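Please read these numbers as outputs of a predicted model, since none were measured by experiment.
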Amino acid sequence: MMRKYLSDRDLIPAGRLSEVCFDDFEAWPLEVMQTVYRELGQDGFENAKPAISAVIAGTSDYWKNPCRIDADSVRRITEHWRFGFDAVGYRLEEWEAQTISVP
């Protein structure tokens with residue numbers, strides 16, 4: 001599915017697609033949403049901003065579970081998905097370094 005998306009995404013007309021880096025969205029959700037509105041040519045961000053801000057505020061106590069994955073799984077994911085990580089600009093080396101192996 002990812003290979004198909006990557007091969008076809010250039011067929012999507014300008015202004016119809018906005019790709020978001022999850023790390024950026026996590027760090028700056030309001031700013032990223034404003035960028036999405038702009039990239040998609042949507043008016044009304046200022047009107048939507050209070051509702052978006054309320055959703056963001058409602059997730060302020062959210063925390064992610066730590067990633068625990070064995071070294072073999074890391075190797076297989078890297079082997080099979082490197083193309084996807086590379087295509088969207090994620091650096092696998094950082095992910096691999098932060099992965100915690102299961103005993």
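If you chain together hydrophobic residues whose side chains sit under 4.5 Å apart, Tyr90 and Val74 fall into the same group. Linking ILVMFWY side-chain heavy atoms closer than 4.5 Å, directly or via other members, places Val32 and Val88 in two distinct hydrophobic clusters. Both Phe85 and Phe22 belong to a single network of hydrophobic side chains, linked directly or stepwise wherever heavy atoms of I, L, V, M, F, W or Y lie under 4.5 Å apart. Both Leu40 and Leu30 belong to a common hydrophobic cluster when Ile, Leu, Val, Met, Phe, Trp and Tyr are linked at side-chain heavy-atom distances under 4.5 angstrom. There is no path of hydrophobic side-chain contacts, each under 4.5 Å, that joins Val20 to Tyr62.
Applying the 6.0 Å contact sphere to CG of Asp43 captures no more than 12 heavy atoms from other residues, nucleotides or ligands.
With sequence neighbours left out, the ring-ring contact (aromatic ring centres under 6.0 Å, His included) criterion links Trp81 to Phe83. Qualifying ring-ring contact (aromatic ring centres under 6.0 Å, His included) partners for Phe45, counting only residues two or more places apart in sequence or in other chains: Tyr37.
Among residue pairs with one or both ends in residues 1-21, none qualify as ring-ring contact (aromatic ring centres under 6.0 Å, His included); sequence neighbours excluded.
Here the CZ-CE distance, from Arg38 to Met33, works out to 12.5 Å after rounding to the nearest 0.5 Å. A distance of 10.0 Å separates NZ in Lys49 from CD1 in Ile56, rounded to the nearest 0.5 Å. Rounded to the nearest 0.5 Å, atoms CG (Asp86) and CG (Leu6) are 10.5 Å apart. To the nearest 0.5 Å, the span separating CD on Glu46 from CD1 on Ile52 amounts to 9.5 Å. In this structure, CZ in Arg82 is found 12.5 Å from CD1 in Ile77, a value given to the nearest 0.5 Å.
Residue Glu19 comes nearest to Glu39 through the heavy atom pair N-OE1, 4.3 Å, listed as atom of the first residue, atom of the second, then distance.
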